[in-house]
Protein chains: 2
Amino acid sequence: MCDDALELNLGLGNKGQSPRHRCPPPFLLKTYELLEEEEKEKHSTKIVSWNSQGNAFVVWSPAEFSDLTLPRYFKHNNFSSFIRQLNTYGFRKISSKRWEFKHEKFQRGCRHMLIEISRKKCEPSVFPAYLKSSSEENAMTCSSEENNQQLLMEENKNLKKERLELQMQIAECKALEMKLLAYLSQSMDNHQNKIRRLC
Amino acid sequence: MCDDALELNLGLGNKGQSPRHRCPPPFLLKTYELLEEEEKEKHSTKIVSWNSQGNAFVVWSPAEFSDLTLPRYFKHNNFSSFIRQLNTYGFRKISSKRWEFKHEKFQRGCRHMLIEISRKKCEPSVFPAYLKSSSEENAMTCSSEENNQQLLMEENKNLKKERLELQMQIAECKALEMKLLAYLSQSMDNHQNKIRRLC
DNA sequence: GGGAATATTCCC
DNA sequence: GGGAATATTCCC
């Protein structure tokens, strides 16, 4: 199930992204560590923990969690901000009776899976926010030419971004090629040696 | 100069936006208040203050400002984050010798003007820096507008062509990858067989 | 100085 | 639960 070794060897983790994205987003790391560290804590009542199967976690006491736990890991003490982040990363509340949150790739003992969780994208639509929110004003103040120009600019920007991503993909492909070739030649040598030894 | 009353009465402040925008953004309010409150402080050395004319402010001691002042108003103690915000709101550093920042609408005793300061949009107003005319009046002549559009369309066309080429390169890369992998697995089988035959 | 990703807040 | 504005971080 775990391809980490292959990914590590071939350098394919998080394709097309910048270096800082090779590790999980701070939010996920902190939430995971918070759960590991809370297991060691000696509170009179449990504040937050993995559920019994370890495939989700439960905030047993939102009040204490907000006041005591959150500010130790984040720049706030608002339960709702924490939940907003959970939703951003695709967690779901799986119980109506308690604050239990689940994500397929967020499980006890599986820190390596965190890298597979990503923020939900807000669709990069053709129309940027500033055109959507004030389209009436724009219609008043912008000539259709200017409007056109804005669309062109937007498309242009997206194309350049796309170009960069494609270029990075190519670089990765080439690197993989090199590694495969190196591995191929090495493994042939090995086999040659084995055969020689056997003769 | 101050339209606050009118805006309030007609509910026209920050058109098309939600109520919370009728007051200045928190960053501006906090920075303004910070300056008012620092005036009362009794530090051995001045940390931050309005300049003598009151039309800009000076951070006299960035180190103390970061360690002592920032965390009292913001969720961090990084001078660079503070400066990033200043830039976002259009402040300029107006001295090369000291940390002095200025915005036309940010002046001592003029809290009511803060409402007129807004974040720079991340969207280029219309044109990128290298295409922008130097005049702030941006009284673009028809011909230069058309010219611009021509350039944009040209660039756009080229980018799309480039994209196609890159995509083809990637396809080739992937095909080669497949061949290498197939060859690798085949050659390993062959060698295994040779070894078996030799044993 | 600013683009862009992530975090926090506010609001529906 | 999520859209969108603002704040903070990271990077060029």
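We name chains A, B, ... by the order of the sequence lines, and we start the count at 1 in each one.
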Under the side-chain hydrogen bond (donor to acceptor under 3.5 Å, both in side chains) test, residues paired with B:Ser61 that sit two or more places apart:
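B:Ser61 satisfies side-chain hydrogen bond (donor to acceptor under 3.5 Å, both in side chains) with B:Glu64 once adjacent residues are dropped.
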According to ring pair (Phe, Tyr, Trp, His ring centres under 6.0 Å), who are the partners of B:Phe101, at least two apart in sequence or on a separate chain?
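Checked B:Phe101 against ring pair (Phe, Tyr, Trp, His ring centres under 6.0 Å); matches are B:Phe57.
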Partners of A:Phe91 by ring pair (Phe, Tyr, Trp, His ring centres under 6.0 Å), sequence neighbours excluded?
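If we apply the ring pair (Phe, Tyr, Trp, His ring centres under 6.0 Å) test to A:Phe91, skipping adjacent residues, the hits are A:His103, A:Phe106.
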What is the separation between atom NE2 on B:His103 and atom P on C:dG1, rounded to the nearest whole Å?
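So the two atoms are 14 Å apart, to the nearest Å.
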Kindly state which residues belonging to [range] come within less than 4.0 angstrom of DNA chain D, counting heavy atoms of the residue only, listed by number.
range: residues 55-74 of chain A; value: none
range: residues 26-33 of chain B; value: B:Pro26, B:Phe27
range: residues 82-100 of chain A; value: A:Arg84, A:Asn87, A:Arg92, A:Lys93

Given DNA chain D, 5'-ward residue of the pair B:Asn78 and B:Arg119, judged by closest heavy atom:
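Result of the comparison: B:Arg119.
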For the residue pair A:Pro71 and A:Ser66, what are the closest heavy atoms and their distance?
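Residues A:Pro71 and A:Ser66, closest heavy atoms: CD-O, 3.1 Å.
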Salt bridge (Lys or Arg N to Asp or Glu O under 4.0 Å) with A:Lys105: which residues, sequence neighbours excluded?
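A:Lys105 satisfies salt bridge (Lys or Arg N to Asp or Glu O under 4.0 Å) with A:Glu116 only.
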Qualifying residues under salt bridge (Lys or Arg N to Asp or Glu O under 4.0 Å), relative to A:Glu37, sequence neighbours excluded:
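Applying salt bridge (Lys or Arg N to Asp or Glu O under 4.0 Å) to A:Glu37 gives none.
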Phosphate OP1/OP2 of C:dT9: any A:Lys75 side-chain N/O under 4.0 Å
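Checking C:dT9 against A:Lys75, no side-chain N or O comes under 4.0 Å of OP1 or OP2.
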Does a side-chain N or O from A:Lys120 land closer than 4.0 Å to OP1 or OP2 of D:dG2, or not?
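Yes.
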Partners passing side chain to side chain contact (heavy atoms under 4.5 Å, CB included) against [X] (at least two apart in sequence or in another chain):
X: B:Leu29; value: B:Pro24, B:Glu33, B:Arg111, B:Leu114
X: B:Arg98; value: B:Asn51, B:Val58, B:Trp60, B:Ser95, B:Glu100
X: A:Arg84; value: A:Asn87, A:Thr88
X: A:Thr69; value: A:Leu34, A:Glu38, A:Ile47, A:Phe65, A:Tyr73

